[in-house]
Structures are given as structure tokens and as C-alpha cells.
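A note on names: the letters A, B, ... follow the listed sequences, proteins ahead of strands, and every chain is numbered from 1. In this text, all values refer to a predicted model and were calculated from it rather than measured experimentally.
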Amino acid sequence: MKILIELTVNEELCRLEVEPQQTLLEVLREALHLTGTKEGCGLGDCGTCMVLIDGKPVNACLMLALDAQRHQITTIEGLDNRGGLHPLQQSFIDAGAVQCGFCTPGMILSAKALLDINPRAGKEEIKKTLSGVLCRCGSYPKVIEAVLAAGEKMKGGH
Amino acid sequence: MKRLTPFSYFEPATLAEAVEILSGSKEKAYLLAGGTDLLIRMKRGEIAPPALVNLKRISGLSSIEREGQSGIRIGALTTIAEIEHSSALRASHTLMAEAATALGSPSIRNLATLGGNIGRASPASDMAPSLIVLKARLNISGPRGNKQVGLESFFTGPGTTILQPGELITSVFLPDPAARSGAAYLKLGRGGGMDCALGCVAIFLTLGNTDTEVKEVLVAVGACSAIPMRANKTEALILSGSLTDGHIQEAAMAVAAETSPITDLRASESYRRQMVQVLFSRALKLSWSRARSSKDTH
């Protein structure tokens with residue numbers, strides 16, 4: 001049973017047909033070719049499929065695509081629409097917070113959700129916020145360093 | 001890519017329509033709320049629902065509202081994150097925010113719903129013990145109309161409840177706590193909140209005329225029996241004396257004896273029994289100190 005749906009992804013309206021059982025993750029990667037959103041465990045544990053729904057992080061592997069209608073979806077590709085790098089992206093590069101890179105979209109999007117509300121967030125709050133994203137390389141110290149540095153930049157009102 | 005197997009899909013716009021679909025469906029229909037438990041079990045192949053009824057188009061099921069002077073009503077589709085951050089709940093039922101913060105990761109809490117957590121009837125539910133000690137009542141709609149049921153008598157076994165075909169939870173009512181009361185929820189799980197609870201304890205305590213006299217106490221334990229359970233015997237023991245270290249220790253032994261934990265891959269029975277004593281003692285001391293520092297009137 002194909003259903004016609006409308007998704008607003010990175011501020012762009014997309015009309016597409018989906019099956020009810022298709023997850024948002026499947027549709028983002030396979031129909032819209034936004035492969036920055038990864039599948040790790042596919043079961044809500046690893047957080048590498050993180051996207052923002054109305055600014056809040058959710059696991060795209062646990063959401064039906066048709067339930068993402070009427071919401072603003074942000075993937076890692078939509079982080080900075082002005083063509084440059086978002087302060088978080090720049091900070092991750094500067095701090096060397098990317099190792100294999102598989103968790104990076106989830107880390108950056110989770111951090112963005114926090115810093116958009118509170119760029120002054122401290123280490124403990126950052127740790128709690130990122131608790132849903134696993135990094136098998138163990139890059140956590142550098143990731144936290146990068147998020148703190150991005151917060152400093154964003155305080156200025158990015 | 002882990003995919004879901006196809007199912008018949010229903011998207012009722014009203015509660016009445018949902019009840020009609022649920023009662024009329026020849027296939028076994030599962031309710032879809034947050035999906036953080038249902039979709040995982042489907043992907044793992046543990047269940048293969050022939051039909052899903054998505055409740056999210058029904059309006060009015062996701063608000064937190066005061067009900068006069070008597071208490072607060074939380075819609076079944078309210079997310080765990082909304083409970084965690086609700087200023088209304090923090091003002092009157094801080095325990096709810098404490099329990100919500102212990103559930104899963106932030107992104108899971110943005111999806112998972114209160115009704116889903118209750119309806120799933122997991123013995124390790126993070127919300128159930130706190131809801132039990134807060135005397136939560138569930139509002140249930142079904143083919144024979146609406147009814148209200150105390151949460152304590154809702155669970156019948158792991159994954160099973162008293163819900164009849166066609167019935168669903170629409171909201172949860174929490175009466176306002178008495179003055180001079182305090183509550184605490186403590187959980188043991190690997191890696192903080194992310195993991196499923198190995199054991200969890202919620203306590204609600206109201207003090208009498210003195211700071212050591214207990215007027216009322218409710219104790220609920222999770223992940224240590226087939227259902228989230230109320231520890232009645234332990235409550236009676238606490239009420240039988242005034243709060244001293246010795247009395248608290250005695251009560252901790254009682255709660256360990258009253259639970260019936262199992263050995264599984266997460267933890268052994270004896271470890272769970274020991275840990276529930278530790279959690280219980282800490283939770284009782286914490287709720288006691290909160291009761292002492294609470295305002296005399298609400």
C-alpha cells in the first residue's frame with residue numbers, strides 16, 4: 001500500500017510515495033539519498049541515525065516516515081544552509097573530534113539541539129545530551145571539547 | 001538495513017474511530033504510539049503485527065493539564081521528554097520528572113510516550129513504580145465506554161494487562177500529594193539511564209506530627225517480579241515503627257524478601273535481591289529528607 005506523503009527535509013518540501021512500514025531512516029537514505037544519516041544498530045541504541053525533528057533529536061530508525069510529516073526534519077546535510085560550515089562542524093575539525101566519522105552526524109546533531117537552546121551548556125550537560133550516541137573509536141573527550149568550543153562561538157549569536 | 005515487515009496500517013482521526021478499528025479488526029492490531037519499543041521488537045522479529053493502529057493523529061491525547069484542585073492529567077501520547085521538562089509536573093509531582101530522566105537516551109525520550117510505556121507492561125518499566133506510588137489512575141476508553149482503573153491493578157504479567165480487546169489508555173490522572181511528603185526513584189542499570197533497569201525502587205512518604213513518624217508510605221519495585229509491584233508488606237513494616245537507621249535496615253530486608261527477581265543475562269537473582277535492598281534504603285532516606293524539607297502545605 002503506497003501512501004503519498006510530504007516531508008520537509010532541510011527546509012525543502014519533498015513529495016514522495018512510501019510504504020507504511022518504511023522508516024524515516026530508509027526514506028532519507030534510499031529515496032532522498034541523504035546518506036549522512038547512518039544506520040548502526042537499527043534498534044535505537046547507537047544514535048548514528050539521529051535527525052532533528054522540530055529541533056529535537058530523534059532516532060530515525062524508530063520513526064515511520066509517514067509520522068515525520070508536518071514536522072521540520074534536519075539532517076546533517078542541512079546543518080548550514082548558507083554554504084559554509086556550522087560552528088560545530090568547524091569545531092569538530094579543529095579539535096580532531098572525528099575518528100572513523102560514523103557517529104559524527106549523530107554527535108553533531110545532538111549537540112546542535114542542545115547549543116541552540118543553551119550555548120553555555122557545561123561538560124556534564126553535554127555528556128548527558130550525547131548519551132544516546134555511541135562512538136566505538138572512543139572519541140568522546142575530543143567530542144566534548146569540540147562542543148564546548150562551538151558553544152563559545154555560538155554565544156556570539158550564530 | 002533493518003526493515004519492518006509489511007502490515008495493514010490504520011490512522012484513526014478520533015478516539016471513537018480507534019476503538020472501532022480495534023474492536024472490529026479480524027487481525028490482531030497493535031497500537032503505535034512512540035514506537036520505541038514496538039518497532040524494535042518488530043525489527044528483531046519477536047513480533048509480527050498483522051496490523052498497526054497509529055494513534056498520533058488523534059488530537060487531545062498529548063497534553064499535561066491540571067484537573068481543578070485535585071491533581072494533574074497526563075495524556076497517553078505525552079512524550080517522556082515532555083514529562084521530564086514539564087514545569088507543571090516539576091511543581092507538583094517532581095518524581096515524574098525524576099523517573100522520566102532515567103528512561104533511555106534523550107532521543108528515545110523525545111519519541112517514547114507515557115501511554116506506550118504503561119501499555120507495554122514491561123516489568124522493568126521506568127515509569128510504572130513512580131506512577132504506582134503516586135496513586136496513578138488510568139483513563140481507559142473502549143467499546144463499552146470510558147472507565148478509570150488504578151495502575152496498581154492494571155498489570156497482569158510481563159507484557160500483559162487487564163485491557164480488553166478494543167480498549168486503550170487515553171490519559172493518566174495523578175492526585176496531588178499531601179503536605180509534608182517526599183518521594184524518590186532510584187534505578188540500577190549499566191551505563192546510567194541508557195540501559196534497561198536491573199532493579200528500581202520508587203517510594204512516596206508522608207510524615208506525621210514528628211520528623212520520624214510516618215503517616216503514609218508507598219513502595220513500588222520494578223524489574224524484580226513479573227510485574228512492577230507494590231511492596232505492601234514492606235510498607236506495613238515501615239509504618240510499624242519510627243524512622244531510624246535500624247528500622248530502615250529491617251525494612252530493606254523485608255523488601256528483598258517480598259520481591260521475586262529472576263536470573264537472566266542481565267543479572268542474577270541474588271544480585272538483584274541485594275541491589276534492591278541498597279536502592280530501597282537510599283530511596284527511603286532520600287524521600288524522608290525530601291519530606292522533611294518540603295513545605296507544610298501545597
At a heavy-atom separation under 4.5 Å, does T23(A) approach chain B through its side chain, its backbone, both, or neither? side chain

Whatever's closer than 4.5 Å to a heavy atom in chain A on T5(B) counts as backbone

L38(B), part contacting chain A, at a heavy-atom distance under 4.5 Å: neither

Contacts with chain A made by residues 54-62 of chain B (heavy-atom distance under 4.5 Å), listed by residue number: N54(B), K56(B), R57(B)

If you tally heavy-atom pairs under 4.5 Å between each of L39(B), L32(B), L52(B) and chain A, the highest tally belongs to L39(B)

Do any of residues 49-69 of chain A have a heavy atom less than 4.5 Å from a heavy atom of chain B, and if so, which, in residue order? M50(A), K56(A), P57(A), V58(A), N59(A), C61(A), L62(A), M63(A), L64(A), L66(A), D67(A)

Of all of R70(A), Q22(A), R29(A), which one pairs up most often with chain B through heavy atoms under 4.5 Å apart? R70(A)

Quick one: do E19(A) and R3(B) make a salt bridge, cutoff under 4.0 Å? no

Check this for me: [X], atom [atom1], are more than 12 non-hydrogen atoms of other residues, nucleotides or ligands nearer than 6.0 Å?
X: Y9(B); atom1: OH; result: yes
X: R282(B); atom1: CZ; result: no
X: K2(A); atom1: NZ; result: yes

Please find the pair of heavy atoms, one from [X] and one from [Y], that lie closest to each other, and give the distance.
X: G132(A); Y: S105(B); answer: CA-CB, 3.4 Å
X: K2(B); Y: C41(A); answer: NZ-O, 2.9 Å
X: P106(B); Y: T129(A); answer: CG-O, 3.8 Å

Does the side chain of E30(A) come within less than 4.5 Å of M1(B)'s, by heavy atoms? yes

d(L130(A) CG, S107(B) OG) to nearest 0.5 Å is 10.5 Å

